[in-house]
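Worksheet for the structure shown next.
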Amino acid sequence: ATETINAANEVVAKYPNPHVEIARLTRLLADDVSIISFSMNGAELRLRGRAANAASVMEQMTDEPRYAQVTAPQATVRLGDSGQEQFYLNIRVGEGESE
């Protein structure tokens with residue numbers, strides 16, 4: 001039984017529930033920020049989205065204690081005269097208790 005529990009705990013640690021991170025992003029991001037693409041591989045998140053101020057979105061993600069590392073793998077792109085910027089973020093979820 002202990003081996004089964006340990007194996008289950010390893011799977012949960014390796015493949016955390018993406019619904020937890022989607023819910024966290026929903027709470028963190030303002031209504032004028034949209035996520036166009038979300039992928040999660042283990043503790044690594046990849047986001048592509050749009051916002052009026054993409055730098056503030058990155059700063060907000062960096063300030064989130066649960067996120068151990070936030071990087072922008074591509075430059076922010078202004079989307080014509082829309083007043084929106086497209087951003088790309090890679091986020092590593094830190095260890096510790098999930099919400």
Side-chain angles (χ1 to χ4, degrees):
T2 302
E3 285 182 30
T4 303
I5 291 170
N6 288 339
N9 287 337
E10 285 180 34
V11 169
V12 169
K14 190 172 182 179
Y15 302 103
N17 185 346
H19 298 283
V20 172
E21 294 310 321
I22 291 170
R24 186 185 329 276
L25 290 168
T26 300
R27 282 191 315 277
L28 289 173
L29 299 174
D31 290 341
D32 63 340
V33 178
S34 60
I35 300 298
I36 297 169
S37 174
F38 170 93
S39 67
M40 185 171 180
N41 185 8
E44 303 294 325
L45 306 178
R46 289 184 154 208
L47 302 177
R48 180 171 59 101
R50 293 182 178 169
N53 185 344
S56 69
V57 173
M58 183 170 183
E59 184 177 330
Q60 190 173 15
M61 297 299 103
T62 302
D63 290 344
E64 169 57 35
R66 185 77 172 113
Y67 295 150
Q69 182 179 24
V70 179
T71 58
Q74 296 182 21
T76 297
V77 178
R78 181 165 298 284
L79 301 171
D81 292 335
S82 69
Q84 295 279 298
E85 298 174 338
Q86 183 163 272
F87 61 87
Y88 301 84
L89 295 177
N90 290 347
I91 301 170
R92 186 169 45 85
V93 179
E95 294 183 16
E97 289 186 30
S98 290
E99 294 174 10

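The shown structure was predicted, so the numbers you read here are calculated from the model rather than taken from an experiment.
With sequence neighbours excluded, the residues satisfying side chain to side chain contact (heavy atoms under 4.5 Å, CB included) with Pro73 are Tyr88, Asn90. Scored by the side chain to side chain contact (heavy atoms under 4.5 Å, CB included) test, Ala68 finds Arg92 as partners (sequence neighbours excluded). Partners of Ser82 according to the side chain to side chain contact (heavy atoms under 4.5 Å, CB included) rule, which considers only residues two or more places apart in sequence or in another chain, are Leu79, Gln84.
Under the 4.5 Å side-chain heavy-atom criterion for Ile, Leu, Val, Met, Phe, Trp and Tyr, Ile22 and Phe87 are members of the same hydrophobic cluster.
Tyr67 and Glu21 share a side-chain donor-acceptor pair at under 3.5 Å.
Atom CD in Gln69 sits 12.0 Å away from atom CG in Leu89 (nearest 0.5 Å).
Listed by first and then second residue, the salt bridge (charged side-chain N to carboxylate O under 4.0 Å, His left out) pairs that reach into residues 68-81 are Arg78-Glu85, sequence neighbours excluded.
A side-chain contact (heavy atoms from CB on, under 4.5 Å) with Thr62 is found for one member of Thr71, Ile91, Val70 and no other, namely Val70.
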Scan the side chains in residues 33-46 for donor-acceptor partners under 3.5 Å anywhere in the protein, sequence neighbours excluded, and list what turns up.
none

Per-pair distances, 0.1 Å, donor-acceptor, side chain in residues 47-55, under 3.5 Å, sequence neighbours excluded:
from	atom 1	to	atom 2	distance (Å)
Arg48	NH1	Gln86	OE1	3.4
Asn53	OD1	Ala55	N	3.2
Asn53	OD1	Ser56	N	3.2

